[in-house]
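Reviewing the structure listed below.
By convention here, the first residue in the shown sequence is residue 1.
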Amino acid sequence: MQLEKTDKTVEILEKTIKTISPFNDETKYIFDKSQNFIASIRNAFGEIKLIDFEGLDTELWNSYSTINQTYKLKNAINKRFEVLLNWQKDSTTIAHLNIIVIEHLNRFVERQKTVFQRYTSQEFTELQHYYTRISHRLFVAKLELNKLKEEIEKRETELQRKRHPVLSEVLDLEEIKLADNKKEEFNLLLQNMADHQFFVSRYHSSPVLKEDVLSLFGRFLNTQFEIVEAITPEESSGNIEVKLKDLKSFPEFILHEKREQIAMEIRKEFSNEKGKAIRLLLGAMELNTPPLLTIGKGKGKEIYTAMSAYFNRDIGSYQSVIGHIVNQKTNLEGVDIRLNHLLKKVENE
């Protein structure tokens with residue numbers, strides 16, 4: 001299905017914002033006659049005051065497949081309406097927006113004088129009239145866009161109730177979401193459960209794919225889960241060696257009262273390292289005074305798995321990380337210096 005109304009709305013919004021850009025862009029000058037520029041913003045106002053967001057949620061909804069539909073729709077909306085979403089990000093009220101409009105207008109008129117373009121008092125009044133009304137309409141458009149997102153989420157909830165009637169009572173009783181700091185851990189938990197066939201199809205005998213499990217839980221919790229590279233827990237007499245109930249997140253291995261902040265800073269600082277470099281990082285944490293973690297006997301797999309899930313990227317194979325031996329004589333290749341810098345940053349916060 002073509003997004004005719006959506007595309008037309010986006011086109012008008014982008015054209016309007018481009019037309020008024022000289023007001024808030026310090027590098028732009030208008031060399032046309034003053035009345036020509038006024039005519040252009042008058043026409044822009046004539047177009048934008050007629051845009052209507054009603055029905056866009058249905059048009060967008062029907063244009064995407066049902067797999068990860070809400071997630072894909074939100075991404076599509078953010079991408080298509082990026083210009084509008086980035087317009088006047090800091091203006092959260094009409095009162096504040098009005099102040100910004102006057103500031104922009106006064107600076108624009110002064111800037112135009114440097115290229116010998118002047119506006120009479122009547123022309124200034126016209127500029128203010130149309131720029132203010134366009135700004136107000138764009139502000140309302142942002143509110144309508146947020147309402148559009150809410151309508152799409154509501155539509156997804158209603159669809160889930162139809163697909164899974166048994167969940168209706170739960171959804172009616174309480175809306176739930178996944179805690180932000182538990183996403184990586186839950187992602188890996190689901191992956192391990194799928195690997196060990198905790199889930200079976202209600203309607204046929206074919207095996208349930210790991211991707212389907214992550215997709216379904218992602219839609220239910222309004223997020224997205226992805227397959228992460230992690231060791232496959234070995235089976236011993238039918239039992240999972242790494243017990244799911246005992247699965248720890250990477251921050252939980254850090255021996256510091258600010259473990260969550262330290263884990264986040266480590267993830268940011270060491271965003272590209274893998275294999276031996278990750279092992280040197282773990283070694284630097286072990287050799288720190290006092291130690292930030294200890295890799296005891298049998299703990300290597302747990303730490304590797306937790307770290308892989310927390311970093312949510314390829315950190316190298318288990319053997320390439322844990323297989324290296326690190327001691328006091330090891331050249332840490334500057335990893336310890338970088339670690340100390342981020343520790344000082346966290347401790348000073």
Side-chain angles (χ1 to χ4, degrees), residues 2-60 63 73-152:
Q2 291 184 340
L3 299 173
E4 295 180 2
K5 186 171 183 179
T6 303
D7 290 340
K8 183 62 177 176
T9 301
V10 170
E11 179 185 345
I12 292 173
L13 288 168
E14 291 180 344
K15 180 181 175 182
T16 301
I17 292 174
K18 184 178 180 180
T19 300
I20 65 171
S21 63
F23 289 115
N24 50 39
D25 188 337
E26 299 291 338
T27 66
K28 288 195 175 182
Y29 299 87
I30 301 299
F31 297 97
D32 297 333
K33 291 181 179 179
S34 57
Q35 282 304 317
N36 290 340
F37 178 57
I38 292 172
S40 69
I41 64 171
R42 185 191 301 121
N43 293 336
F45 175 62
E47 284 191 280
I48 196 173
K49 72 178 181 180
L50 298 177
I51 65 169
D52 179 16
F53 278 74
E54 188 175 350
L56 290 190
D57 59 330
T58 300
E59 184 173 271
L60 283 160
S63 66
L73 273 172
K74 284 184 177 180
N75 278 351
I77 290 171
N78 289 337
K79 186 175 180 179
R80 284 178 177 272
F81 293 90
E82 183 178 8
V83 173
L84 175 63
L85 292 171
N86 288 330
W87 176 82
Q88 294 297 333
K89 278 186 175 180
D90 298 329
S91 296
T92 56
T93 65
I94 288 290
H96 180 261
L97 180 63
N98 288 338
I99 295 173
I100 297 298
V101 164
I102 295 300
E103 289 179 355
H104 284 176
L105 189 56
N106 288 332
R107 286 203 299 268
F108 169 75
V109 171
E110 288 301 313
R111 191 167 68 252
Q112 285 296 101
K113 290 178 182 179
T114 64
V115 291
F116 306 105
Q117 295 283 334
R118 297 180 181 275
Y119 291 85
T120 65
S121 59
Q122 176 62 32
E123 290 171 338
F124 182 87
T125 300
E126 286 189 80
L127 288 174
Q128 182 176 348
H129 174 84
Y130 290 114
Y131 182 38
T132 300
R133 277 153 183 75
I134 287 174
S135 297
H136 288 174
R137 187 64 189 92
L138 288 171
F139 185 87
V140 171
K142 276 193 171 185
L143 298 180
E144 291 174 333
L145 190 59
N146 288 327
K147 185 179 178 182
L148 179 72
K149 292 180 181 179
E150 291 173 3
E151 288 297 323
I152 286 173

For F124 and N106, work out which heavy atoms get closest and say how close.
CZ-OD1, 3.5 Å
Flag if over 12 foreign heavy atoms under 6.0 Å of [atom1], [X]:
| X | atom1 | answer |
| --- | --- | --- |
| D90 | CG | no |
| F31 | CZ | yes |
| R118 | CZ | no |
| E26 | CD | yes |

Checking the side chain of Q112 only, and the main-chain atoms of I30 only, is there a donor and an acceptor separated by less than 3.5 Å?
yes
K5 backbone acceptor or donor facing E59 side chain under 3.5 Å:
yes
Criterion side chain to side chain contact (heavy atoms under 4.5 Å, CB included) on W87 and I20, from CA distance to verdict:
CA-CA 11 Å; W87 176 82; I20 65 171; 4.0 Å; yes
Can you list the residues that meet the salt bridge (charged side-chain N to carboxylate O under 4.0 Å, His left out) rule with K15, with sequence neighbours excluded?
E47
Indicate yes or no: at least one non-hydrogen side-chain atom of [X] is less than 4.5 angstrom from one of [Y].
| X | Y | result |
| --- | --- | --- |
| L148 | L145 | yes |
| I100 | F23 | no |
| N75 | K79 | no |
| F53 | V140 | no |

Chi angles and distances behind the side chain to side chain contact (heavy atoms under 4.5 Å, CB included) call for K28, S21
CA-CA 8 Å; K28 288 195 175 182; S21 63; 3.0 Å; yes
Side chain to side chain contact (heavy atoms under 4.5 Å, CB included) between R133 and I48: does it pass, once the steps are laid out?
CA-CA 10 Å; R133 277 153 183 75; I48 196 173; over 6 Å; no
Take E144 and R137 through the salt bridge (charged side-chain N to carboxylate O under 4.0 Å, His left out) test and state the conclusion after the steps.
CA-CA 10 Å; E144 291 174 333; R137 187 64 189 92; 3.4 Å; yes
Pair T16, I134 - check side chain to side chain contact (heavy atoms under 4.5 Å, CB included), show working.
CA-CA 8 Å; T16 301; I134 287 174; 3.5 Å; yes
Do K113 and E110 meet the salt-bridge criterion of a basic N to acidic O distance under 4.0 Å?
yes
Which of parallel (below 30°), tilted (30 to 60°) and perpendicular (above 60°) describes H129 and F45?
perpendicular
